[in-house]
Number of protein chains: 2
Amino acid sequence: MPFTPRTQALPATVPFVGPEALERRLGVRFAARLGANESVFGPSPRVLDAIGEAARESWAYGDPEHFELKAALAAHHGLESACFVAGEGIDGLFGLLAQLTLDPGDQVVTSLGAYPTFNYHVTGHGGHLDFVPYREDREDIDALIERMRLTVPKLVYFANPDNPTGSWHDSASVERLMDAVPHGTLLVLDEAYSDLAPASALPPLMPLRPNVLRFRTFSKAYGMAGVRVAYAIGAPDVVKQFDKVRNHFGLSRIAQAGAVAALADQAYLRQTIARIEAARERLAAIARDAGLRPLPSATNFVAIDCGRDGAYARRILELVLAQNVFIRMPGVAPLDRMIRVTVGRDEDLDLFGTALRHAIAQAG
Amino acid sequence: MPFTPRTQALPATVPFVGPEALERRLGVRFAARLGANESVFGPSPRVLDAIGEAARESWAYGDPEHFELKAALAAHHGLESACFVAGEGIDGLFGLLAQLTLDPGDQVVTSLGAYPTFNYHVTGHGGHLDFVPYREDREDIDALIERMRLTVPKLVYFANPDNPTGSWHDSASVERLMDAVPHGTLLVLDEAYSDLAPASALPPLMPLRPNVLRFRTFSKAYGMAGVRVAYAIGAPDVVKQFDKVRNHFGLSRIAQAGAVAALADQAYLRQTIARIEAARERLAAIARDAGLRPLPSATNFVAIDCGRDGAYARRILELVLAQNVFIRMPGVAPLDRMIRVTVGRDEDLDLFGTALRHAIAQAG
């Protein structure tokens with residue numbers, strides 16, 4: 001076989017099993033879909049209009065330079081177009097970044113239990129993952145700084161706000177991390193949930209740092225997970241490296257048009273954020289009412305500490321799934337004592353509340 | 001910088017400059033878009049309906065297992081679902097294949113002047129390209145066989161029908177190539193234009209061969225370039241390697257739904273193919289009327305031999321572009337004595353015909 005030894009040694013794991021796959025496996029149809037940190041509130045009506053219009057022109061490839069999308073991003077963020085690279089989700093950009101930076105055996109630092117798809121792409125390109133534990137259910141900035149000073153890895157991953165805990169650090173702490181990035185290391189700052197974070201959690205975009213890339217997405221607050229557009233913000237010299245390896249025509253005409261329309265409707269975004277915040281409060285109340293501890297969240301989900309070990313949380317998860325409510329949980333201890341529940345409409349949260357109470361009663 | 005030496009050495013080339021980029025550079029708006037081998041006849045109306053419906057559900061990620069799409073492909077081709085992997089265009093799948101198969105310095109064989117995006121991804125993963133010349137404006141099967149026997153490359157690329165010439169080989173010849181693939185080599189059989197080829201050009205799909213992957217797309221005859229879906233057909237053991245590195249959520253909900261709808265409307269596909277064939281005839285007649293030689297084509301474009309050298313063909317191309325008609329040309333001698341023109345509606349071809357006559361008159 002022509003596959004490399006590295007490929008042959010790779011597991012055929014999927015970072016996240018999709019809800020449709022779970023439905024097929026369990027032979028059910030979920031009544032509430034609260035596990036993938038999507039936004040059931042959906043995209044702006046203007047996005048749907050733009051997609052419909054783009055679909056009628058979809059005989060033509062999308063612009064491989066993403067000119068209009070990057071211009072819209074530039075206007076939105078007050079930066080130049082050259083500071084942006086767009087792609088098929090943050091995941092897709094992570095794959096390219098791993099390709100650009102990693103030789104087999106190169107070190108990469110992340111937190112133990114943090115976003116698994118980043119790890120997946122690092123491993124897929126032969127990188128070696130070095131894990132720093134969470135501290136009090138948040139990423140441990142001091143430990144990350146110490147580790148990267150010690151090992152000078154190619155990449156350091158840091159999510160702010162964080163998935164799966166929903167936690168966040170304030171801007172000053174993130175800047176302390178940025179300041180500590182050694183020469184030869186790139187900080188991968190995953191800000192997928194930044195639209196839902198308090199302003200105090202987000203360091204200013206300027207001045208751009210040559211050793212930081214910040215990743216944003218239309219899949220979360222913008223409600224466009226099924227359209228699949230994300231982007232990275234960085235210094236032009238860093239961003240342009242992606243042009244050497246990216247799938248130039250990979251971002252469809254439809255996705256580009258949808259993202260431009262989404263940026264143009266900030267009023268809708270603000271309205272969605274308010275709905276997400278209200279649902280987050282309600283979700284936390286549901287957890288407390290069930291005798292569990294909801295973690296503070298600056299995202300569109302709430303991590304709920306089930307108060308015992310990983311086996312117990314998994315039992316709760318399975319009992320909730322068995323009631324046709326899709327949720328997920330962190331895969332690694334000690335975070336695996338939690339379940340992770342995405343916000344939803346009132347009717348979705350009602351279903352979850354009922355399912356959770358039953359699950360706790362059954363789990364004993 | 002954390003980028004690998006290989007990355008730093010890579011050129012920031014784009015395999016194909018998009019027509020929008022050309023428009024911006026030239027300060028024009030093309031009146032006819034006949035350069036990207038798209039199908040202006042567009043997708044089935046059912047595809048537009050399916051996209052509209054999927055857009056309303058686009059708050060949710062697409063199924064990362066592509067279950068329905070693969071089931072539809074399986075039914076369409078009479079194979080099992082496990083024989084398919086779908087992705088963001090054939091280009092996207094080529095990137096993954098290069099990742100899966102190439103260690104730096106590994107050999108890859110292709111034809112000199114064949115599809116540049118394949119080369120781009122090979123180079124991006126450190127592969128070394130070994131070129132076999134075309135012979136009489138077709139890929140040279142005997143020379144490819146000889147070269148791969150000699151060097152046992154990881155990959156051999158062969159397009160049937162071919163881009164940029166539009167030529168094709170008959171099924172028996174392609175099977176001869178398949179039979180000759182050495183152990184340790186994978187034949188990359190690019191069949192992007194297979195829907196437009198005579199049946200006699202396509203080897204049967206069964207039995208599946210462990211050393212052949214066949215690539216198909218919805219971007220050409222199906223008229224969905226702007227939706228961006230393609231797939232590879234191969235033995236399950238080969239196909240499943242992609243699951244180790246692919247961007248699982250990269251293929252949008254919209255793209256998957258669109259592709260399923262496209263497969264379900266074969267009547268529309270047949271109608272489109274008839275329109276493309278008629279337009280191809282007309283395009284060939286336009287070339288002949290202008291005193292040039294159209295090459296036989298089994299694709300949705302016609303390569304037109306301008307009868308002199310590359311400089312002359314480029315002059316013709318630029319004079320046609322200057323009349324706001326977008327066409328392309330092969331980049332490498334001796335194919336670069338041609339221009340390459342995609343089929344279009346009558347009004348598109350009228351514009352091209354006029355532009356071509358003027359270009360020839362001006363070029364002298």
Side-chain angles (χ1 to χ4, degrees), chain A residues 2-4 7 10 12 14-15 18 20-21 24 33 36 38-43 48 51-52 54-65 67 88-89 91-92 95 100-103 124 154-155 184-186 223-228 240-241 243-245 247-250 252-255, chain B residues 2-4 7 10 12 14-15 18 20-21 24 33 36 38-43 48 51-52 54-65 67 88-89 91-92 95 100-103 124 154-155 184-186 223-228 240-241 243-245 247-250 252-255:
Chain A
F3 299 103
T4 63
T7 295
L10 279 176
V14 177
E20 293 85 358
R24 289 188 291 269
R33 181 167 161 135
E38 302 153 334
S39 173
V40 71
F41 305 119
L48 298 185
I51 288 176
R56 285 188 291 278
E57 294 172 357
S58 65
W59 61 272
Y61 287 105
D63 175 11
E65 299 189 0
F67 182 85
E88 303 96 320
D91 293 353
L100 288 168
T101 56
L102 300 180
D103 280 321
K154 282 292 186 73
L155 304 173
T185 297
L186 187 76
M224 295 168 62
V227 181
R228 208 60 184 136
K240 79 178 181 195
Q241 303 298 317
D243 285 335
K244 297 177 173 181
V245 296
N247 180 10
H248 284 81
F249 292 88
S252 75
R253 174 168 287 264
I254 289 168
Chain B
F3 299 102
T4 64
T7 295
L10 280 175
V14 178
E20 293 85 358
R24 289 187 291 268
R33 180 168 162 135
E38 302 152 334
S39 173
V40 71
F41 305 120
L48 298 185
I51 287 175
R56 285 187 292 278
E57 295 172 356
S58 65
W59 60 273
Y61 286 106
D63 175 12
E65 298 188 2
F67 183 85
E88 303 95 320
D91 294 352
L100 288 167
T101 56
L102 301 181
D103 281 320
K154 284 290 188 73
L155 304 173
T185 297
L186 187 77
M224 294 167 61
V227 181
R228 209 58 183 138
K240 78 178 181 196
Q241 303 298 317
D243 286 334
K244 297 177 173 182
V245 297
N247 179 10
H248 284 82
F249 292 87
S252 75
R253 173 168 288 264
I254 289 169

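We name chains A, B, ... by the order of the sequence lines, and we start the count at 1 in each one.
- Chosen from K154(A), M224(A), R33(A), K240(A), the residue pairing most often with chain B at heavy-atom distances under 4.5 Å is R33(A).
- Counting heavy-atom pairs closer than 4.5 Å to chain B, the top-ranked of the candidates V40(A), L102(A), D91(A) is V40(A).
- Between E20(A) and R253(B) there is a salt bridge, since a side-chain N of the basic residue sits under 4.0 Å from a carboxylate O of the acidic one.
- If you measure heavy-atom distances from L186(A) to chain B, the contacts under 4.5 Å come from both the backbone and the side chain.
- Highest contact tally toward chain A, considering only E88(B), K244(B), H248(B), is held by K244(B) [criterion: heavy-atom pairs under 4.5 Å].
- Across L10(A), D63(A), V227(A), the residue that shares the most heavy-atom pairs under 4.5 angstrom with chain B is D63(A).
- The part of L48(B) that comes within reach of chain A is its side chain, from C-beta onward, which places non-hydrogen atoms under 4.5 angstrom from that chain.
- For the atom pair CD1 (I254(B)) and CZ (R228(B)), the distance works out to 16.0 Å, reported to the nearest 0.5 Å.
- Looking only at distances, a side-chain donor or acceptor of E38(A) sits under 3.5 Å from a matching main-chain atom of Y61(B).
- Ranking D103(A), T185(A), D243(A), T4(A) against chain B, the residue ahead of the rest is T4(A), based on heavy-atom pairs under 4.5 Å.
- In this structure, chain A has no heavy atom under 4.5 Å from any part of L155(B).
- Counting heavy-atom pairs under 4.5 Å between each of G18(B), A21(B), S39(B), A60(B) and chain A puts A60(B) at the top.
- Interface check for chain A: of the options A36(B), G62(B), G223(B), the most heavy-atom pairs under 4.5 Å are formed by G223(B).
- When the candidates G92(B), S252(B), S58(B) are compared by the number of heavy-atom contacts under 4.5 Å with chain A, S58(B) comes out ahead.
- Taking E65(A) as the reference, R24(B) meet the salt bridge (charged side-chain N to carboxylate O under 4.0 Å, His left out) condition, with sequence neighbours excluded.
- Heavy-atom minimum distance, Q241(B) versus T7(A): OE1-CG2, 3.5 Å.
- Chain B forms more heavy-atom pairs under 4.5 Å with one residue of G250(A), G89(A), G42(A), A54(A) than with any other, namely G250(A).
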